[in-house]
Peer 1: 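Below is the structure I would like to discuss, written out as structure tokens.
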Amino acid sequence: MKILMLTAEMDGIIKTGGLADFALALPKALIAAGHDVRVILPKYKQVILPLPMPETCPAHLPSSDGSHAIKMPDAKQQTPGRTEAIKKNSLYFNLNHRDRYGCLVHPISVQGIGVRLIEHHDFFSRDGIYDDGSYAYQDNPLRFAFLCKAALEQCLYEKWVPDVVHCNDWQTALAPYYLKEHYAHHPGMAQAKSLLTLHNGAYQGKSDPAWVDALGIHPQRFTSELMEEHGLLNLLKCGIMYADAVNAVSPGYCRELLESETSHGLWRYLRQRKDHFTGILNGCDYSQWNPNTDPYLPHGFSADNMAGKALCKKALQARMGLPENGNIPLLGLIARLVNQKGFDYLIPALERLLYEDAPVQLVLLGSGDVDYGSRLHHLQNRYPHKMSFVNGYDNALSHLIEAGSDFFMMPSLFEPCGLNQLYSLAYGTLPIIRETGGLKDTVVGLDGDHGNAPRDASINHKPGHRPRINTSKSTENPEISDKETAETTATGISFMNPDAESCYVALKQAVCLYLDHPTLYCRMQQLAMGQMFTWDDSARAYIGLYATISNHCALN
């Protein structure tokens, strides 16, 4: 099967989030399963190619009559060889009935995957990917519509017509529209089917309807049934309504997207496509996230030999300027400082935990919202021997936090899939999660009642229930029998309600587990490290979905 992966980012080229991991890992797994996969994305300013690049590239400039002229490098300034290379890699097409565009296409290979980078100076040679650091680029609809159309035209140019065009999020959600409206009668391309994967439905590409004509959208298609929403053009809605199938990146997120309270307003459209909407859990790239072989760690370890984890904890404490104490629980976090990650209730919970002088250390790494960053810096300054916060991103440090922490905090307001909880499980770092989306799909909370039952005893067991630990301080330290410990299926700690009290209770539960119930903690740690969420499993699910799309459409 020929599969085109159309994406705005890809790990190894450009990355801002989990979409990039997906766009690298899934194609690798699909290729390993015997499928022909190509990935197409923009060549942003930040991308460094492994091959020599022309000094200039095509770009469109408005001409006096309002049409778009093609600006090519001055042939007098180019060597004959470079000029021929530019001609060979040039691509020209119409986005609508009058505006013609040009770009360069760079074929490269990334970890055995055939990749095509679309270069257009005006659209993609900017300091930011989606925004200028504060505001989204106003012409984002045009930029990514251009990417969608260029990708489809490049497939025709190479005479490589995909069976499935796999689109991702709002940036590529116009491709299903183009397939059905612009290529409906094109030999070959008319048979291509489309899948739209929702990685984060909170971002929908809503824009001014003035873009409709420029994007090549027929005016009669700009309706509330297809892509209009409260007077705006909603690109993600367009993709949902036009794609042959839609999926979310976890079964839990799929269920949430069908409910009005948790769907970012998409539930009406997705319920219309319910028969063609499913959830497929992302995988974990264990070649990059394996504590026994991780090159970023000072000491490797495995479930059979955990000595290296204690040494990583010591190294992390030293790196973050905290007292080197192996007997105190260390809670780590790596996240973008945004509302989605639960900081509105996590920060008050951390403040309370530190104010009460709980025996705990906190290590946090992230960047984003200035207010969240300021509040975390304030806590660090107030409790320098208990908390260390790095505002920014450091890949090596992120690996060390995963390895050296005893718990990993991931109390997201919503989480379509999540990857850090998968890394944490592999590294024996028990996740503390809110029960949402992919977090609930991948982590079994210690509390069998998912955080809602009252904690009125230090240990509360009932037949068929996992042990539940009380978070209140107690002079008692009841033991858990070996039989009860062996029966637990928990791999982390969870809570349900998105509020500071529930989050605080979960954090206290983690501290109590580590200090008062080491046998249970170690048992959970072993269970966590035994979990496997591979991209091979994800690929098999996607291959089945691709086949369903193709077979269903062929029958119709």
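By convention here, the first residue in the shown sequence is residue 1.
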Peer 1: For Tyr253 and Gly201, indicate whether the former's side chain and the latter's backbone hold a donor-acceptor pair under 3.5 Å.
Peer 2: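 Yes.
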
Peer 1: Is any NZ, NE, NH1 or NH2 atom of the basic residue among Asp21 and Lys15 found under 4.0 Å from an Asp or Glu carboxylate oxygen of the other?
Peer 2: yes

Peer 1: Step by step, work out the side chain to side chain contact (heavy atoms under 4.5 Å, CB included) result for Ile217 and Met227.
Peer 2: CA-CA 10 Å; Ile217 295 174; Met227 62 187 73; 3.6 Å; yes

Peer 1: So does Glu415 pair up with Lys341, basic N to acidic O under 4.0 Å?
Peer 2: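 Looking at Lys341 together with Glu415, the answer is yes, because their closest N to O distance falls below 4.0 Å.
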
Peer 1: Assess whether a salt bridge exists between Asp139 and Arg126, defined as any Lys/Arg side-chain N lying under 4.0 Å from an Asp/Glu carboxylate O.
Peer 2: yes

Peer 1: Could you pull out the closest heavy-atom pair between Ser302 and Met529, with the gap in Å?
Peer 2: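 Shortest heavy-atom contact: C-CE, 3.8 Å.
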
Peer 1: Between CD1 of Ile13 and CG of Leu117, what distance do you get to the nearest 0.5 Å?
Peer 2: 5.0 Å

Peer 1: Could you tell me if the ring centre of Tyr178 sits under 6.0 Å from that of Tyr183?
Peer 2: no

Peer 1: Would you check if the side chain of Tyr393 reaches a backbone N or O of Ile334 as a donor-acceptor pair within less than 3.5 Å?
Peer 2: no

Peer 1: To check you understand the geometry: which heavy-atom pair defines the closest contact between Pro298 and Leu400, and what is its length?
Peer 2: CD-CD1, 3.9 Å

Peer 1: Determine whether the aromatic ring centres of residues Trp170 and Tyr203 are separated by less than 6.0 angstrom.
Peer 2: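 Here the rings of Trp170 and Tyr203 have centres that are no less than 6.0 Å from each other.
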
Peer 1: What I want to find out is whether Asp213 reaches Arg98 closely enough, with some N-O distance under 4.0 Å, to be called a salt bridge.
Peer 2: yes

Peer 1: Take Thr442 and Gln421, measure what side chain to side chain donor-acceptor pair (under 3.5 Å) needs, and give me the verdict at the end.
Peer 2: CA-CA 8 Å; Thr442 53; Gln421 86 277 15; 3.1 Å; yes

Peer 1: Do Gln340 and Asn200 have a side chain donor and acceptor closer than 3.5 Å?
Peer 2: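 Indeed, the side chains of Gln340 and Asn200 share at least one donor-acceptor pair under 3.5 Å.
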
Peer 1: Can you find a pair of side-chain heavy atoms, one from Ser263 and one from Glu256, that are under 4.5 Å apart?
Peer 2: no

Peer 1: Side chains of Leu365 and Ser398: closer than 4.5 Å at any heavy-atom pair?
Peer 2: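 Yes, close enough: below the 4.5 Å cut-off.
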
Peer 1: Quick check: does any side chain N or O of Asp99 sit under 3.5 Å from a backbone N or O of Leu95, one acting as donor and the other as acceptor?
Peer 2: no

Peer 1: Heavy atoms only: give me the nearest Val338-Tyr372 pair and the separation to one decimal.
Peer 2: C-CE1, 3.7 Å

Peer 1: Do Ile433 and Ser412 have side-chain heavy atoms sitting under 4.5 Å apart?
Peer 2: no

Peer 1: Look at Arg116 together with Glu158 and state whether they make a salt bridge at an N to O cut-off of under 4.0 Å.
Peer 2: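 Salt bridge: yes.
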
Peer 1: When you look at Phe146 and Phe93, which way does the ring-ring contact (aromatic ring centres under 6.0 Å, His included) test go after all the steps?
Peer 2: CA-CA 10 Å; Phe146 174 84; Phe93 57 90; 5.3 Å; yes

Peer 1: Is there a side-chain contact between Ile113 and Lys28 (heavy atoms, below 4.5 Å)?
Peer 2: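 Sidechains of Lys28 and Ile113: in contact.
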
Peer 1: Less than 6.0 Å separating the ring centroids of Phe123 and Tyr44?
Peer 2: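 For Phe123 and Tyr44, the ring centres are not under 6.0 Å apart.
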
Peer 1: Supply the atom-to-atom distance Leu258 CG to Arg268 CZ, rounded to the nearest 0.5 angstrom.
Peer 2: 13.5 Å

Peer 1: Is it the case that the side chains of Asn168 and His199 hold a donor-acceptor pair, with the cut-off being a distance below 3.5 Å and no angle test?
Peer 2: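 Side chains of His199 and Asn168: pair found under 3.5 Å.
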
Peer 1: Roughly how far, to the nearest 0.5 Å, is NE2 of His106 from CD1 of Ile108?
Peer 2: 9.5 Å

Peer 1: Side chains of Glu153 and Tyr92: do they bring a donor and an acceptor to under 3.5 Å?
Peer 2: no

Peer 1: Given side chains that start at C-beta, do those of Val246 and Leu195 come closer than 4.5 Å, heavy atoms only?
Peer 2: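 No - every pair of side-chain heavy atoms lies 4.5 Å or more apart.
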
Peer 1: Do the side chain of Trp535 and the main chain of Gly283 share a donor and acceptor less than 3.5 angstrom apart?
Peer 2: yes

Peer 1: For Glu9, which of Leu19, Leu24, Asp169 qualifies under side-chain contact (heavy atoms from CB on, under 4.5 Å)?
Peer 2: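 Passing option: Leu19.
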
Peer 1: Between Ile240 and Leu266, is any pair of side-chain heavy atoms under 4.5 Å apart?
Peer 2: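 Ile240 reaches Leu266 side chain to side chain.
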
Peer 1: Show, in sequence, the C-alpha distance, side-chain angles and deciding distance for Glu228 and Asn234, and conclude whether the side chain to side chain donor-acceptor pair (under 3.5 Å) test is met.
Peer 2: CA-CA 6 Å; Glu228 183 270 341; Asn234 187 325; over 6 Å; no

Peer 1: Tell me if a side-chain donor or acceptor on Ser538 pairs with a main-chain N or O of Leu281 at a distance below 3.5 Å.
Peer 2: yes

Peer 1: When you compare the side chains of Lys149 and His182, does any donor N or O come within less than 3.5 Å of an acceptor on the partner?
Peer 2: yes

Peer 1: Please test Ile3 against Val165 for side chain to side chain contact (heavy atoms under 4.5 Å, CB included), starting from the C-alpha separation and ending with a verdict.
Peer 2: CA-CA 6 Å; Ile3 303 156; Val165 178; over 6 Å; no

Peer 1: Compute whether any side-chain donor of one residue and acceptor of the other, for Thr534 and Asp536, lie under 3.5 angstrom apart.
Peer 2: no

Peer 1: If we only count heavy atoms from C-beta on, is the Val164 to Leu4 side-chain gap below 4.5 Å?
Peer 2: no

Peer 1: Quick one: list whatever passes ring-ring contact (aromatic ring centres under 6.0 Å, His included) with Phe389, sequence neighbours left out.
Peer 2: His377

Peer 1: Check Asn391 against Gly373 and note the closest heavy-atom contact, atom names and distance.
Peer 2: ND2-CA, 4.2 Å

Peer 1: Drop me the distance from Cys238's SG to Glu229's CD, to the nearest 0.5 angstrom.
Peer 2: 12.5 Å

Peer 1: Is there a side-chain contact between Cys103 and Leu91 in this structure, where contact means two heavy atoms from C-beta onward sitting under 4.5 Å apart?
Peer 2: yes

Peer 1: Using the side chain to side chain contact (heavy atoms under 4.5 Å, CB included) rule, take Leu142 and Leu215 through it: C-alpha gap first, then chi angles, then the decisive distance, then the call.
Peer 2: CA-CA 6 Å; Leu142 185 61; Leu215 305 187; 4.1 Å; yes

Peer 1: Consider only side-chain N and O atoms of His264 and Gln204, and report whether a donor and an acceptor are under 3.5 Å apart.
Peer 2: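 His264 vs Gln204: no donor-acceptor pair found between side chains.
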
Peer 1: Testing the basics here: between Ala23 and Val39, what is the closest heavy-atom pair and its distance to 0.1 Å?
Peer 2: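 The answer is O-CG2, 4.1 Å.
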
Peer 1: What's the verdict on side chain to side chain donor-acceptor pair (under 3.5 Å) for Asp294 and Tyr427, showing C-alpha distance, side-chain angles and the deciding distance?
Peer 2: CA-CA 10 Å; Asp294 192 329; Tyr427 283 60; 2.6 Å; yes

Peer 1: Is the closest basic N to carboxylate O distance between Lys45 and Asp127 below 4.0 Å?
Peer 2: yes

Peer 1: Count the heavy atoms belonging to other residues, nucleotides or ligands that lie under 6.0 Å from CD of Gln138, then report whether that count exceeds 12.
Peer 2: no

Peer 1: If I take atom CG from residue Asp244 and atom CG from residue Leu196, how far apart are they, to the nearest 0.5 angstrom?
Peer 2: 11.0 Å

Peer 1: Measuring from Leu235:CG to Thr172:OG1, what's the distance to the nearest 0.5 Å?
Peer 2: 10.5 Å

Peer 1: Restricting to non-hydrogen atoms, name the atom on Tyr286 and the atom on Ala426 that form the minimum distance, rounded to 0.1 Å.
Peer 2: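 Heavy-atom minimum between the residues: CE2-CB, 4.0 Å.
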
Peer 1: If you take the centroid of each ring, where Trp contributes its six-membered ring, are Tyr423 and His399 closer together than 6.0 Å?
Peer 2: no

Peer 1: Give a yes or no on whether the backbone of Phe414 and the side-chain of Thr436 come within a donor-acceptor separation of less than 3.5 Å.
Peer 2: no

Peer 1: Scan side-chain atoms only and decide if Glu402 and Tyr296 contain a donor-acceptor pair under the 3.5 Å cut-off.
Peer 2: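 The criterion, which ignores hydrogens and geometry beyond distance, is not satisfied for Tyr296 and Glu402.
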
Peer 1: Can you confirm if the aromatic rings of Phe22 and His166 lie within a centre distance of less than 6.0 Å?
Peer 2: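 Here the rings of Phe22 and His166 have centres that are less than 6.0 Å from each other.
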
Peer 1: Verify side chain to side chain donor-acceptor pair (under 3.5 Å) between Tyr542 and Asn247, making sure each step is shown before the conclusion.
Peer 2: CA-CA 10 Å; Tyr542 277 105; Asn247 81 282; 2.9 Å; yes

